[in-house]
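Below you'll find the structure, written out as structure tokens, and then a few comments.
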Amino acid sequence: METAKNPEEEIKSEKLGNQSTEIHSDDDGHDHGAKDDAGWKSHWQLLLAIVILFAMLMLEFGFKYVAAFPVNLIIFGIAYLLAGYNVIYLAWRKAIRFDFFNEFFLMSVATIGAFAIGSYSEGVAVMAFYSIGEWFQDAAVNRAKRSIKALLDIRPDKVSVMRDRTTQIVNPKEVKLGEVIQVKSGEKVALDGELLSEKASFNTAALTGESKPDSKAKGETVYAGMINLNTVSEIKVTSLFTDSKLSKILEMVQDATARKSQTQLFISRFAKIYTPIVFALALAVCFVPYFVTDPYIFNVWFYRALVFLVISCPCALVVSIPLGYFGGIGLASRNGILFKGSNFLDVMTGIDVVVMDKTGTLTEGVFAVQEIVAKDIEQSYLLKLAAAIESQSTHPIGLAVVAHAGKETIKDLTISEVEEISGHGLKGTIDGKEVLAGNIKLMKKFNIDYPAEIDSIVYTIVVVAVDKKYKGHITIADKIKEDAVQTIKELHALNIKTVMLSGDKQSVVDEVAKKLGIDNAFGDLLPEGKVEKVQALKNEGRHIAFVGDGINDAPVVALADAGIAMGGLGSDATIETADIVIQNDQPSKIVMAIKIGKLTKQIVWQNIILAMVVKLFVLVLGAGGIATLWEAVIADVGVALLAILNAVRIQKIKL
């Protein structure tokens, strides 16, 4: 149960369900939401009330001793106040603002009514068990918050920065761009930056959900939240504390808890209508029989109305449903998927088309040598000659060849007279031999014969000629991600259509689509072309998730029903626009996001159906005089606990 601190905070926390789902954080990321201590020390009054209640019941039923009035009223009254003082206080605060239709006022009326007709033990029992339910709710909420709080705790509050040839310990907020920080083995990286050390290995689980070490080489990007696994590493800061990838992740996750799903909004609206109707029906149960029964006994029908009020409490719905969505967001974040709101969990359940960019989404986004074909020359020597001449260029294709061969292999070669022929390739002299390396147009330009089958190769190729003779070619392509093929299979298994859009040439796009088994693929597209394709699908009534990583994908991400950004390599613009961010760039996380959305919705609707069926059943029994206040409170608290346990279950599920 929540104790109100001041009127403004109390108004916020009193809103149905909010005390269980909101997270408030200051600039340092520390939590100020529902209290974490759900242990017995913070609920000693409730435990004492339960002890008194059971002692009195033991005396009555075990020893056949019934305390006389007013002793019994005083003893049960003390127990009642110990168990429900907070509920009564909140009910009063709401009542003076003319807000009568809430669970606090409902419980207060029902229990005070029980005291009014002499049902003291039942009045205490209702309040005690209701408060126990609130206690369990607090515990469940705190459990659900742990994954989010774990993220909040991974930002270090101090960092070692190199200044004036010494190491100074400062707050990460004080570190400026371009400064060098030092991270020891076992320490967390506090700021995004560029690795200055030759190599280092990091645990990236906090950012990606993957526990295997990620090795980095000098010049590669290191993100805040990673844990240094081996030697002391030096990192040049490239982002301020507030602009780091980790800070943005935390901001996304915290914002997500405030964005409600359609189901949550429906239940909130439903509760506002449902509660006053229940009050009206309870009054009807109490007074309508006066006109239709003879004899009419007020206490009998008033008691039945109290049963009606107790069982009608909507707390099982308004707590367990947000808790279910909260658990879904937590489960996703632990698996490296960030939902920017629980509403997007619902959206993913209705997706029937997944549209994907090619480069960086389904492929690695890095050019690499795929095949080396040599004629009248050793493959290794062909690669060595190509790497030597390409080392004089900064083109990505040339860099891929050099990276594959290794810079060490070309050190013994003498390279001279290198000339770059725009749009064609390179010409130069290596150890006295004229070497040409470039595309087919380069061969044609110098009238060099080459095999006709080269013309049908869809991927980028580097053709090599030595002394005016064709000596072979090297195929360069963007490598397909390891889990891409399985992702497409699983999407098809879920009856989801797959579409690939790319700015790459159509022949390359078709080849990749064929390997992956994608339904439709479109190449040679500018950003506006991608928008047109997605809009055409929307016009067909399709529910679309678009997955992309480049800045040119941002317009399509915004247009789709669910925009998904690849967060590891993705541009900031796309990540900001997206509704869902995949931290480790794995396509398989798309399927996982859909499954988490469906699982969350399934659990939420299980809770709704469970709560409504049980409540309607006991409402009928209560109105008919069959169910007592004992049955009503046990049914109410029982269904609430079952719903909460069901909602918490989502956090234990392994995907």
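Remember, predicted model here, so these are calculated numbers, not experimental data. Reckoned from all heavy atoms, side chains included, excluding hydrogens, waters and symmetry mates.
Taken to the nearest 0.5 Å, the CE atom of Met348 stands 12.5 Å off from the NZ atom of Lys601. Expressed to the nearest 0.5 Å, how far CD1 of Ile415 lies from CD of Glu390 amounts to 11.0 Å. Summarising the geometry, atom OG belonging to Ser391 is positioned 10.0 Å from atom CG belonging to Leu399; distances are rounded to the nearest 0.5 Å. Atoms CG and OG1, on Asp346 and Thr600 in that order, are 8.5 Å from each other to the nearest 0.5 Å. Of the inter-residue distances, the one linking Gln586 atom CD with Asn335 atom CG reads 10.5 Å to the nearest 0.5 angstrom. Summarising the geometry, atom CD belonging to Glu179 is positioned 14.0 Å from atom CD1 belonging to Ile235; distances are rounded to the nearest 0.5 Å.
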Let me see the working for Lys340 and Ile580 under side-chain contact (heavy atoms from CB on, under 4.5 Å), right down to the final yes or no. CA-CA 6 Å; Lys340 292 187 181 179; Ile580 302 161; over 6 Å; no
Trace of the side-chain contact (heavy atoms from CB on, under 4.5 Å) decision for Val354 with Phe546: CA-CA 6 Å; Val354 172; Phe546 180 85; over 6 Å; no
side-chain contact (heavy atoms from CB on, under 4.5 Å), that's the test. Do Leu345 and Ile329 meet it? Break it down for me. CA-CA 8 Å; Leu345 284 163; Ile329 291 172; 4.0 Å; yes
Please evaluate residues Tyr450 and Ile440 with respect to the criterion side-chain contact (heavy atoms from CB on, under 4.5 Å), reporting the C-alpha separation (whole Å), side-chain torsions for both, the decisive distance (0.1 Å), and the verdict. CA-CA 9 Å; Tyr450 59 87; Ile440 292 172; 3.0 Å; yes
Step-by-step side chain to side chain donor-acceptor pair (under 3.5 Å) determination, Gln370 to Thr475: CA-CA 5 Å; Gln370 303 295 316; Thr475 303; over 6 Å; no
Without placing hydrogens or testing angles, list every side-chain donor-acceptor pair under 3.5 Å for residues 512-519, not counting sequence neighbours.
{"residue": "Lys515", "atom": "NZ", "partner": "Tyr459", "partner atom": "OH", "Å": "3.4"}
{"residue": "Asp519", "atom": "OD1", "partner": "His492", "partner atom": "NE2", "Å": "3.3"}
{"residue": "Asp519", "atom": "OD2", "partner": "His492", "partner atom": "NE2", "Å": "3.1"}
{"residue": "Asp519", "atom": "OD2", "partner": "Thr498", "partner atom": "N", "Å": "2.9"}
{"residue": "Asp519", "atom": "OD2", "partner": "Thr498", "partner atom": "OG1", "Å": "3.3"}

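The two residues Lys427 and Ile421 have their closest heavy-atom pair at CB-CD1, 4.2 Å. Summarising the geometry of Lys538 relative to Ile544, their closest heavy-atom pair is CG-CD1, 3.4 Å, with the distance given to 0.1 Å. The nearest pair of heavy atoms linking Val347 to Ala562 is CG1-CB, 3.8 Å. Of all heavy-atom pairs spanning Ala400 and Val369, the tightest one is O-CG2, 3.9 Å. When all heavy atoms are compared, the tightest approach of Ile448 to Ala465 is CD1-CB, 3.7 Å. Leu537 and Val355 make their closest contact through CD1-CG2, 3.7 Å (heavy atoms, listed as atom of the first residue, atom of the second, distance).
Distance alone, capped at 3.5 Å, is enough to place a donor-acceptor pair between the Glu220 side chain and the Ala217 backbone. Counting only distance, with no hydrogens or angles, the side chain of Lys375 and the backbone of Pro451 share no donor-acceptor pair below 3.5 Å. The backbone N or O of Asp192 sits nowhere less than 3.5 Å from a side-chain atom of Ser239 that would complete a donor-acceptor pair. Here the side chain of Gln379 pairs a donor or acceptor atom with the backbone of Ile372 at under 3.5 angstrom. For the pair Thr363 (side chain) and Lys358 (backbone), a donor-acceptor distance under 3.5 Å is present. Asp467 contributes no side-chain N or O that, together with a main-chain N or O of Lys433, makes up a donor-acceptor pair within less than 3.5 Å. Here the side chain of Gln506 pairs a donor or acceptor atom with the backbone of Gly523 at under 3.5 angstrom. Listed for the Asp561 side chain is no donor-acceptor partner under 3.5 Å among the backbone atoms of Ala545. Listed for the Ser197 side chain is no donor-acceptor partner under 3.5 Å among the backbone atoms of Ser233.
Within the 4.5 Å cutoff, no side-chain heavy atoms of Leu501 are placed close to those of Glu532. Side-chain contact check for Ile476 versus Ile461: every heavy-atom pair is 4.5 Å or farther apart. Residues Val509 and Phe522 have side chains not in contact (no heavy-atom distance under 4.5 Å, counting atoms from C-beta outward). Between Val463 and Leu442, every side-chain heavy-atom pair lies at or beyond the 4.5 Å cut-off. By the 4.5 Å heavy-atom criterion applied to side chains, Ile496 and Val353 are not counted as neighbours. Phe446 places a side-chain heavy atom less than 4.5 Å from the side chain of Lys468. Side-chain contact between Leu383 and Ile474 is present, with heavy atoms from C-beta onward closer than 4.5 Å. For the pair Lys471 and Leu385, the minimum side-chain heavy-atom distance is 4.5 Å or more.
Applying the salt bridge (Lys or Arg N to Asp or Glu O under 4.0 Å) test to pairs two or more places apart or on separate chains, none has a residue in residues 440-465.
Between the side chains of Glu194 and Thr238, no donor-acceptor pair of N or O atoms lies under 3.5 Å. For the 3.5 Å distance criterion, the side chains of Asn520 and Lys497 qualify, holding a donor opposite an acceptor. Residues Tyr325 and Asn343 bring no donor and acceptor atom of their side chains to less than 3.5 Å of each other.
Ion pairing of Lys481 with Glu364 is absent here, as no side-chain N (NZ or NE/NH1/NH2) approaches a carboxylate O to less than 4.0 Å. Looking at Asp412 and Lys384, a side-chain N of the basic residue comes within less than 4.0 Å of a carboxylate O on the acidic one, giving a salt bridge. A salt bridge is absent between Asp483 and Lys589; no separation between the charged side-chain nitrogens and carboxylate oxygens falls under 4.0 Å.
Heavy atoms from other residues, nucleotides or ligands lying under 6.0 Å from CD of Glu378 number 12 at most. Counted within 6.0 Å of NZ on Lys533, heavy atoms from surrounding residues, nucleotides or ligands total 12 or fewer; the atom is thus considered open.
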